[in-house]
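First up is the structure itself, then whatever we jot down about it.
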Amino acid sequence: MTTDPLKAFFEAGEAPVVDQAFRAATMQRIAQRRLHLGLARAALAGLVVFVALLLLRPILVILVLNLPASFGQAVLMLAATGLLALAGYYLATRTVPLPAWVQRLL
Amino acid sequence: MSAHGTDAALVAAARAGSDNAFARLVDRHQQAVRSFLRRVCRHEADADDLAQETFLAAWTSLRTLDKPERVRSWLFGIAWRRAQGMARSMSRSRQRETDWQEERPGHDQPGTEMNIAMQQALAQLPPDQRAAVALCLAGDWSHADAAQILEMPLGTVKSHVSRGRARLVEILGVREDDH
């Protein structure tokens, strides 16, 4: 078997087999990318909802004005419950740790 | 290697959202990718930064990978394309992106004499030749695989390897019968 004389030179420049710091830094950048993508998607979804509400505004105004007062209260309660559920979902499925002061509150 | 530990299984798990699976892919391929980039780039810190970008790009486009069992050559292809574009942005991002290295033990240790000599010799080769040499001589890739990774004709890769090798032997002053 012949040995390439260059092999020893190449082996001297090999990266380490195990490098926890590199792994951690890479996974941190991935977490940041995921957060940015999530924020971009949420912003886009918010924009779509906003535009849709703007377009439907004439119809919604007529509907709200014709609603009985008791029905309006029910709609408000449903909307508040929905918002709470949405916030709870994002809290439970978050991939980025909350700030320390928020964690203390929870 | 168990079925759960194959590249294909890890890619499938990572596609399903497993960070742990992707971290294992990073562990498995980081040495090869970083070693390749260290030979292609002139600065170790830039090479490691580029390696991180390679894995980040791989995570972003994991769903486009056709053959999960060939994830390593796919990673090398990404790494090479990133390395080609590095010259434009490397200088301005160097300090910002390498802060993490300052926390590593021994990050400022000087390289060995052989490593320094090899880096200086590689720096004298044209980039394409350097990449072909890094893959086929240092990384044990076949000429055909290297041609696929570098997106070059097979004959060009063979020529790069042959000429690059002769040039390295000349610069480093090693004898062909050295062991």
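Computation of the quantities below employed the complete heavy-atom set of this structure, encompassing side-chain atoms and omitting hydrogens, waters and symmetry-equivalent molecules. Residue numbers begin at 1 in each chain, while the letters A, B, ... track the order of the sequences.
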Joint hydrophobic cluster, [X] plus [Y], side-chain heavy atoms closer than 4.5 Å:
X	Y	result
Ile59(A)	Val49(A)	yes
Val75(A)	Leu56(A)	no
Val40(B)	Ile171(B)	no
Leu91(A)	Trp101(A)	yes
Leu63(A)	Phe71(A)	no

> Should we count CZ of Arg163(B) as having more than 12 external heavy atoms under 6.0 Å?
Replying inline: no
> Tell me, side chain or backbone of Ala8(A) under 4.5 Å from chain B's heavy atoms, or both, or neither?
Replying inline: both
> Where on Val18(A) is there a heavy atom nearer than 4.5 Å to chain B: the side chain, the backbone, both, or neither?
Replying inline: backbone
Interatomic spacing from [atom1] in [X] to [atom2] in [Y] - rounded to 0.5 Å:
X	Y	atom1	atom2	answer
Leu168(B)	Phe10(A)	CG	CZ	5.5 Å
Gln20(A)	Asp27(B)	CD	CG	6.0 Å
Thr26(A)	Gln30(B)	OG1	CD	8.5 Å
Leu6(A)	Met118(B)	CG	CE	5.0 Å

If I compare all heavy atoms of [X] with all of [Y], which pair ends up nearest, and what's the gap?
X	Y	result
Arg38(B)	Ala15(A)	NH1-CA, 3.6 Å
Asp48(B)	Phe22(A)	O-CE1, 3.6 Å
Ala23(B)	Arg23(A)	CB-NH2, 3.2 Å

>> At under 4.5 Å between heavy atoms, what parts of residues 54-73 of chain B are in contact with chain A? List them by residue number.
In response: Phe55(B), Leu56(B), Trp59(B), Thr60(B)
>> Taking 4.5 Å as the heavy-atom cut-off, does anything in residues 125-150 of chain B contact chain A, and if so which residues?
In response: Val133(B), Leu137(B), Ala138(B), Asp140(B)
> Tell me, side chain or backbone of Ala32(B) under 4.5 Å from chain A's heavy atoms, or both, or neither?
Replying inline: neither
